[in-house]
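Values reported hereafter were calculated over all heavy atoms of this structure, with side chains retained and with hydrogens, waters and symmetry mates removed.
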Amino acid sequence: MNKNVIVGQSGGPTSVINASLAGVFTTAKELGAPHVYGMRNGIEGFLQERYVDISDYIRNDVDVELLKRTPSAFLGSCRYKLPKVDKDEAVYKKLFEILEKLEIGYFFYIGGNDSMDTIAQLTIYAERIGSDIKFMGVPKTIDNDLVVTDHTPGFGSAAKYVATSVKELIRDNKVNDMDVVTVIEIMGRDAGWLTGSAALSKGPDCDGPDLIYLPELVFDMDKFIARVAEIQKERRSVIVCVSEGIRTADGKYVCEYTDTAGRTTDSFGHKQLTGTARVLAEVINERLGCKVRAIEFSSLQRCAAHLQSETDVNEAFHVGVAAVRAAAAGESGKVIIIERVDEEPYQSTMGSCDVHLVANYKKDVPRGWINEEGDYVTKQFIDYVRPLILGELTDIYVDGIPRHIDNIR
Ligand code: F6P
């Protein structure tokens with residue numbers, strides 16, 4: 001690589017998004033890139049010419065190892081939608097001026113389906129003006145909803161956190177001899193991959209949650225209350241896992257039921273979803289009159305680096321490596337994908353595909369991987385997720401807590 005590299009992080013963070021940054025950085029350095037720059041707060045910050053030289057912060061192998069174990073986006077993130085090339089060329093002119101000034105030859109963007117749109121738009125513009133800068137997408141999202149790729153980095157670790165925490169809550173819920181319903185809200189606005197992963201808590205020492213509701217299916221409040229009441233006839237402790245994005249037949253998010261004001265939206269038009277468990281807990285309390293708890297995993301599920309899956313960290317690192325190697329070999333306008341090549345033992349390999357096939361599309365949990373009643377996932381679902389949560393990284397603890405590399409200030 002005889003030209004400089006720029007890399008950015010975008011969208012919701014994960015506990016392994018920095019492992020992908022480590023993969024991009026170390027590989028670009030190995031391949032001779034003179035400078036590897038990092039965008040501050042993604043493309044939004046880059047448009048304001050905010051960037052750093054990553055070598056000023058990641059100085060040795062220990063830093064690289066710490067970076068892999070540090071959750072959240074080291075470079076900072078953004079939720080910024082680039083306008084369509086035909087709508088506002090000025091933004092692209094500015095961006096390419098900055099890229100030229102920094103003598104960038106290779107551009108990497110680590111993100112989910114919205115962020116891949118950035119790579120798609122930049123590729124269109126680069127082709128239009130005959131630029132030879134290589135643009136590559138590096139996948140990440142705890143939602144696991146990118147198409148083409150078997151799964152996304154970030155999902156396995158979040159799934160491990162969800163399954164572990166649900167298991168711990170199941171223990172806690174059984175403590176007293178009384179009727180208790182705990183409703184747990186899990187992220188994934190449009191896809192139920194992470195919510196369904198709660199079922200992985202089930203094993204010889206744990207029954208798993210009683211009910212699981214995914215956003216792929218319409219949520220029926222009356223049916224839900226009837227199911228809880230039915231389960232309560234058999235046991236006093238009931239655990240329900242719900243996706244933040246479940247909606248009733250009228251299309252309304254359950255979390256919006258008690259809203260008195262409009263919700264904030266990001267530049268992609270996504271409403272902030274929060275409060276689903278609280279709404280359901282109130283309805284249960286009202287109709288069944290028992291003790292209820294509402295638990296929202298919220299940001300914890302995507303920053304729980306102490307429960308990183310080793311498989312996930314390794315794959316997150318390798319999508320970064322693969323993106324740099326592909327760009328160095330002349331590929332552009334592509335996104336790295338993970339292909340599952342074997343189940344027992346699990347093995348994966350990296351490939352690439354046209355970014356236009358991925359940007360703005362969404363992968364649902366197949367209907368066949370949800371039970372007929374629509375309130376649990378099937379064995380096929382569990383078999384698909386299990387390998388992705390396997391393995392633990394050796395933690396680096398200092399003074400009793402995990403050591404991180406501090407965010408750039
Ligand atoms: O990007 C994925 C995600 O974690 C979703 O699961 C969730 O709905 C959203 O981000 C939350 O976004 P924010 O951090 O902007 O509230």
Side-chain angles (χ1 to χ4, degrees), residues 1-10 13-14 16-43 45-46 49-77 98-111 115 119 122 131-140 153-154 305 308 312-332 334-336 338 349-352 393 396 403-409:
M1 289 178 130
N2 54 4
K3 289 191 98 179
N4 296 328
V5 164
I6 183 96
V7 52
Q9 295 171 308
S10 168
T14 78
V16 302
I17 187 172
N18 289 330
S20 298
L21 177 64
V24 169
F25 173 68
T26 53
T27 311
K29 280 286 164 201
E30 269 164 34
L31 296 185
H35 292 279
V36 181
Y37 295 112
M39 301 172 207
R40 297 288 285 115
N41 300 101
I43 199 78
F46 191 59
E49 299 199 41
R50 293 171 53 229
Y51 54 84
V52 292
D53 189 325
I54 297 179
S55 301
D56 292 341
Y57 297 87
I58 308 298
R59 297 193 175 92
N60 50 46
D61 291 351
V62 175
D63 286 348
V64 171
E65 285 308 308
L66 286 175
L67 186 60
K68 285 187 195 171
R69 289 162 174 79
T70 301
S72 160
F74 178 69
L75 296 169
S77 189
I98 306 171
L99 292 171
E100 211 168 292
K101 195 166 93 186
L102 291 176
E103 295 177 18
I104 300 295
Y106 311 89
F107 183 113
F108 302 94
Y109 213 42
I110 311 170
S115 312
I119 289 292
L122 288 169
S131 161
D132 61 358
I133 300 175
K134 311 294 178 216
F135 292 92
M136 291 295 295
V138 183
K140 76 83 221 180
Q308 280 176 327
D312 192 26
V313 177
N314 289 339
E315 289 184 337
F317 184 81
H318 280 104
V319 289
V321 172
V324 174
R325 287 192 182 147
E331 287 188 44
S332 186
K334 302 267 184 81
V335 56
I336 297 301
I338 303 176
T349 185
M350 305 295 149
S352 67
L393 221 59
I396 302 174
R403 183 71 166 197
H404 293 161
I405 193 149
D406 199 3
N407 292 49
I408 301 171
R409 289 160 198 261

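- Between the side chain of K29 and the main chain of P34, a donor-acceptor pair closer than 3.5 Å is present.
- Between V324 and E30, every side-chain heavy-atom pair lies at or beyond the 4.5 Å cut-off.
- Here CZ of R69 is found 4.0 Å from CG of L393. Values are rounded to the nearest 0.5 Å.
- The shortest side-chain heavy-atom distance between M350 and R325 does not fall under the 4.5 Å cut-off.
- For the pair A316 and S20, the tightest heavy-atom approach, listed with the atom from each and the gap, is O-OG, 2.8 Å.
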Checklist entry - Should N18 and Q9 be marked as a side chain to side chain contact (heavy atoms under 4.5 Å, CB included) after you check the CA-CA gap, both sets of side-chain angles, and the distance that decides it? => result CA-CA 9 Å; N18 289 330; Q9 295 171 308; 2.9 Å; yes
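- Once rounded to the nearest 0.5 Å, the distance linking CG of L75 with CD1 of I110 reads 7.5 Å.
- M39 and I43 make their closest contact through SD-N, 3.9 Å (heavy atoms, listed as atom of the first residue, atom of the second, distance).
- Contact annotation: the side chain of T26 approaches that of F317 to within less than 4.5 Å [non-hydrogen atoms, C-beta and beyond].
- To the nearest 0.5 Å, atom OH of residue Y51 and atom CD1 of residue I408 are 13.5 Å apart.
- In plain terms, the two heavy atoms of T70 and H404 that are nearest each other are OG1-CA, 3.4 Å.
- In this structure, S55 and R59 approach most closely via the heavy-atom pair O-CG, 3.8 Å.
- Using a 4.5 Å heavy-atom threshold, the side chains of I54 and V7 count as touching.
- Around atom CG of D61, no more than 12 heavy atoms belonging to other residues, nucleotides or ligands sit under 6.0 Å away.
- A 4.5 Å side-chain heavy-atom check between V138 and P153 finds every atom pair outside the cut-off.
- Of all the heavy atoms in N41 and S77, the pair that sits closest is ND2-O, 3.0 Å.
- The distance from the CZ atom of F108 to the CD1 atom of I6 is 11.0 Å, given to the nearest 0.5 Å.
- In this structure the side chain of I119 reaches within 4.5 angstrom of the side chain of F107, judged on heavy atoms.
- Atom CG of residue L122 and atom OG of residue S131 lie 9.5 Å apart, to the nearest 0.5 angstrom.
- Between atom CD of residue E65 and atom CZ of residue R403 there is a gap of 15.0 Å, rounded to the nearest 0.5 Å.
- Residues E331 and M136 come closest through the heavy atom pair O-SD, 3.9 Å.
- With contacts defined as side-chain heavy-atom distances shorter than 4.5 Å, the pair I336/P139 qualifies.
- A donor-acceptor pair under 3.5 Å is formed between the side chain of D312 and the backbone N or O of G154.
- The shortest side-chain heavy-atom distance between F25 and V5 does not fall under the 4.5 Å cut-off.
- Below 30°, between 30° and 60°, or above 60°: for H35 and Y37 the angle between ring planes is below 30°, a parallel geometry.
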